[in-house]
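Working notes, beginning with the structure itself.
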Amino acid sequence: MQLRPLRWCWIATWTLTVAGATLAALLPLRAPAAESGADAAPFREHSAVYRVTRNGKELGRMNAELSQREDGLWYYRVDSEATAFLVRMLGVSTFESGWFDWRDGQIVPLTYHHVSRRPGKDRFWQHRYDWGGLHTDTLTHDGETRVPLARGALDPLTLRLAVASALPEAAERDAGLDVLVVERDELETQQIRFLRRTTIELAGRCFDTAVIERFRKPGSSRNYLAWHAAELDWIPVRTVHHEDDDRLVIELIEYSPSDRLPPPGGDCPRPVDSSGKLP
């Protein structure tokens, strides 16, 4: 099996970004207020496991967990677990985590941590958000730096939740979204385009999904398609990434609490989008 660096950054393909309207118009983001708002967040605690395959052969698993502390702060983490022999022996792995708050109907990122390991090229960065000064205090494998912030900026983990929260309205309006994303050492404008609603079958269950196309920039290996499930607060249940002749697929295989899952069995309708065309 030939190593290709981008193939092992599984979580990099996971970051979903949301053209037309701005995400801030749907989910305005400001500097943290003195006290948290009383409104409920549009997402809930959960854990999920995904299978990662390349051209039909399994590479590993991805584990995601969202939890809330007693004081109301949220913690989100995603990590990879190799199952393919060579990947496991080489010690290839990726880990992301972050703390954030939900205040007055807004996601407020507080910290973000990213570590990726592969032979000869370990990388990491850690952001601490200074919303008063509108910058991050950042530590990376290249040293310390600062990334300028702007109203509406998110990191890869809070972005995923913000996109999921905005999807119902975006699907109803048949609209795309622009969003600011804090990457390792810069603030980027990235896009997602809503494509269609469709039903897909995963692990013997039928999911009602919204299909979106992620676009970071021309030629980026992180441009891909994703299916977000209405039954699971619109989190992604399937992601498909193409590069050259390779096809990388990330699909949900476990979710907890299980009572949110659609019932198993039954006939899953043949996937058709809202215009009647096959996806």
Side-chain angles (χ1 to χ4, degrees), residues 10-11 14-18 23-24 26-50 61-81 94-115 125-132 136-137 149 151-170 177 179-182 207 209-210 226 228-237 239 250 252-262:
W10 302 336
I11 296 174
W14 187 251
T15 304
L16 295 178
T17 57
V18 230
L23 184 60
L26 299 177
L27 295 171
L29 183 63
R30 300 193 299 269
E35 298 181 358
S36 295
D39 56 325
F43 36 78
R44 293 172 287 182
E45 294 182 298
H46 69 269
S47 61
V49 181
Y50 298 81
R61 305 289 173 91
M62 285 181 52
N63 307 291
E65 184 175 4
L66 176 65
S67 59
Q68 187 176 25
R69 209 164 62 179
E70 289 185 1
D71 62 2
L73 294 184
W74 293 84
Y75 179 66
Y76 200 16
R77 60 174 287 162
V78 180
D79 64 84
S80 68
E81 172 189 355
T94 312
F95 172 84
E96 284 183 296
S97 68
W99 286 94
F100 67 93
D101 201 359
W102 178 262
R103 301 185 182 186
D104 302 325
Q106 305 152 9
I107 290 178
V108 181
L110 302 174
T111 67
Y112 173 75
H113 185 64
H114 178 110
V115 178
W125 57 91
Q126 178 175 297
H127 298 308
R128 289 187 177 274
Y129 293 83
D130 182 342
W131 288 105
T136 67
D137 294 315
L149 292 176
R151 184 177 180 271
L154 299 163
D155 56 56
L157 287 177
T158 53
L159 172 64
R160 181 184 175 197
L161 296 173
V163 172
S165 302
L167 260 181
E169 184 174 340
L177 301 166
V179 68
L180 294 172
V181 185
V182 181
F207 291 87
T209 67
H228 290 243
E231 297 88 347
L232 303 181
D233 299 327
W234 299 99
I235 69 165
V237 293
T239 303
I250 303 172
L252 181 75
I253 56 174
E254 296 178 23
Y255 182 91
S256 179
S258 59
D259 58 2
R260 298 179 192 165
L261 291 166

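Atom set for the values below is all heavy atoms of this structure, side chains included, hydrogens, waters and symmetry mates excluded.
Distance CG/L110 to OH/Y129: 9.0 Å, rounded to 0.5 Å.
Between R44 and P257, every side-chain heavy-atom pair lies at or beyond the 4.5 Å cut-off. H127 is listed as a side-chain neighbour of V182, based on a closest heavy-atom distance under 4.5 Å. Under the 4.5 Å side-chain criterion, counting only non-hydrogen atoms from C-beta, L159 is in contact with V163. H46 has its side chain within reach of I235: a pair of non-hydrogen atoms, C-beta onward, lies under 4.5 Å apart. Between H113 and F95 there is a side-chain heavy-atom pair separated by less than 4.5 Å.
Proximity of a side-chain donor or acceptor of T111 to a complementary backbone N or O of W99 within less than 3.5 Å is detected. For S165 (side chain) and P42 (main-chain N/O), no donor-acceptor pair under 3.5 Å exists by modelled atom type. The backbone N or O of A226 sits nowhere less than 3.5 Å from a side-chain atom of H228 that would complete a donor-acceptor pair. No donor-acceptor pair closer than 3.5 Å links the side chain of E231 to the backbone N or O of F207.
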*Should L161 and W74 be marked as a side-chain contact (heavy atoms from CB on, under 4.5 Å) after you check the CA-CA gap, both sets of side-chain angles, and the distance that decides it?*
CA-CA 11 Å; L161 296 173; W74 293 84; over 6 Å; no
_M62 and T94: CA distance, side-chain angles, deciding distance, side-chain contact (heavy atoms from CB on, under 4.5 Å) verdict_ = CA-CA 9 Å; M62 285 181 52; T94 312; over 6 Å; no
*Before giving the answer on side-chain contact (heavy atoms from CB on, under 4.5 Å), spell out for L261 and L232 the whole-Å C-alpha distance, their side-chain angles and the decisive distance to 0.1 Å.*
CA-CA 7 Å; L261 291 166; L232 303 181; 4.2 Å; yes
_Would Y112 and T136 count as a side-chain contact (heavy atoms from CB on, under 4.5 Å) here? Give the steps._
CA-CA 10 Å; Y112 173 75; T136 67; over 6 Å; no
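Minimum heavy-atom separation, P236 to Y50: O-OH, 2.9 Å.
Each of F43, Y75, W131 was compared with F100 under the ring-ring contact (aromatic ring centres under 6.0 Å, His included) criterion, and only F43 meets it.
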